[in-house]
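In this chain, residues are counted from 1 in sequence order. Scope of the values below: all heavy atoms of this structure, side chains included, with no hydrogens, waters or symmetry mates. Note that the structure is a prediction, hence the values are computed from the model and not measured.
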Amino acid sequence: KSVLDSIVYEEENNIKKKIFYDAISYVPKKYIQILLDIYRYNNNYKLYAESINKPTGTVKAHVFRAKQKIKEILSSAGYEIKDIWSFWRI
């Protein structure tokens, strides 16, 4: 990779990060908090649900809603997103 390629790649990633963080600002905070926590718990819904004393189904539903909203926003910005985790790990 050339220096120019590295700079372009880094700039593209910075733009994606900004778009992603702009997108999550439109998602209700309760969903985002659960989404961030699930990411920290390595997608272990059951363990996380137990830690906050909520049913696993409730946690899964909130994560699903947050991911769907983020996908909608990113899609409207021209990104085809299959998995927000991969978009997140830029």
Side-chain angles (χ1 to χ4, degrees):
K1 251 180 165 178
S2 71
V3 173
L4 181 59
D5 288 339
S6 296
I7 291 170
V8 169
Y9 179 77
E10 180 145 345
E11 186 60 29
E12 287 174 353
N13 282 342
N14 288 338
I15 291 168
K16 281 184 175 182
K17 284 178 186 178
K18 182 178 180 345
I19 290 167
F20 182 80
Y21 288 112
D22 287 348
I24 66 172
S25 72
Y26 292 98
V27 178
K29 290 186 191 299
K30 70 178 182 178
Y31 294 154
I32 291 301
Q33 187 59 54
I34 288 176
L35 188 63
L36 294 172
D37 290 344
I38 283 296
Y39 182 74
R40 285 187 208 113
Y41 272 77
N42 294 316
N43 293 324
N44 189 328
Y45 292 84
K46 185 174 190 257
L47 183 61
Y48 176 68
E50 289 171 359
S51 77
I52 62 168
N53 202 26
K54 298 269 185 196
T56 304
T58 300
V59 170
K60 286 181 177 182
H62 287 186
V63 169
F64 177 80
R65 289 180 191 127
K67 288 166 120 179
Q68 285 303 109
K69 184 68 173 170
I70 293 168
K71 282 181 185 179
E72 288 172 19
I73 294 165
L74 293 174
S75 291
S76 71
Y79 291 95
E80 185 179 329
I81 306 302
K82 293 181 181 167
D83 177 23
I84 66 158
W85 297 131
S86 62
F87 192 86
W88 191 336
R89 290 185 208 119
I90 302 166

Worked check of side-chain hydrogen bond (donor to acceptor under 3.5 Å, both in side chains) between Glu10 and Asn14
CA-CA 6 Å; Glu10 180 145 345; Asn14 288 338; 4.5 Å; no
Could you check if a side-chain atom of Leu35 sits within less than 4.5 angstrom of a side-chain atom of Tyr39, using non-hydrogen atoms only?
no
Would a single hydrophobic cluster contain both Leu36 and Tyr26, if residues Ile, Leu, Val, Met, Phe, Trp and Tyr are joined by side-chain heavy-atom contacts under 4.5 Å?
no
Quick check on the hydrophobic clustering: are Ile73 and Tyr21 connected, directly or via other members, by side-chain heavy-atom contacts under 4.5 Å?
no
What do you reckon, is CD of Glu50 surrounded by more than 12 foreign heavy atoms closer than 6.0 Å?
yes
Which heavy atom in Val59 sits nearest to a heavy atom in Ala49, and how many Å separate them?
CG2-CB, 3.8 Å
At what distance, to the nearest 0.5 angstrom, does CD1 of Ile52 lie from CG of Leu47?
11.0 Å
How many angstroms lie between NE2 in His62 and CG in Asp37, if you round to the nearest 0.5 Å?
13.0 Å
I need the Lys60 NZ to Ile34 CD1 distance, nearest 0.5 Å.
13.5 Å
Exam field: side chain Ser75 to backbone Glu72, donor-acceptor pair closer than 3.5 Å:
no
To the closest 0.5 Å, what do you measure between NZ (Lys29) and CD1 (Ile24)?
9.5 Å
Do Phe20 and Ile15 land in one hydrophobic cluster if side-chain heavy atoms of ILVMFWY residues count as linked below 4.5 Å?
yes
Can you get from Tyr45 to Tyr41 by hopping between Ile, Leu, Val, Met, Phe, Trp and Tyr side chains that sit under 4.5 Å apart?
yes
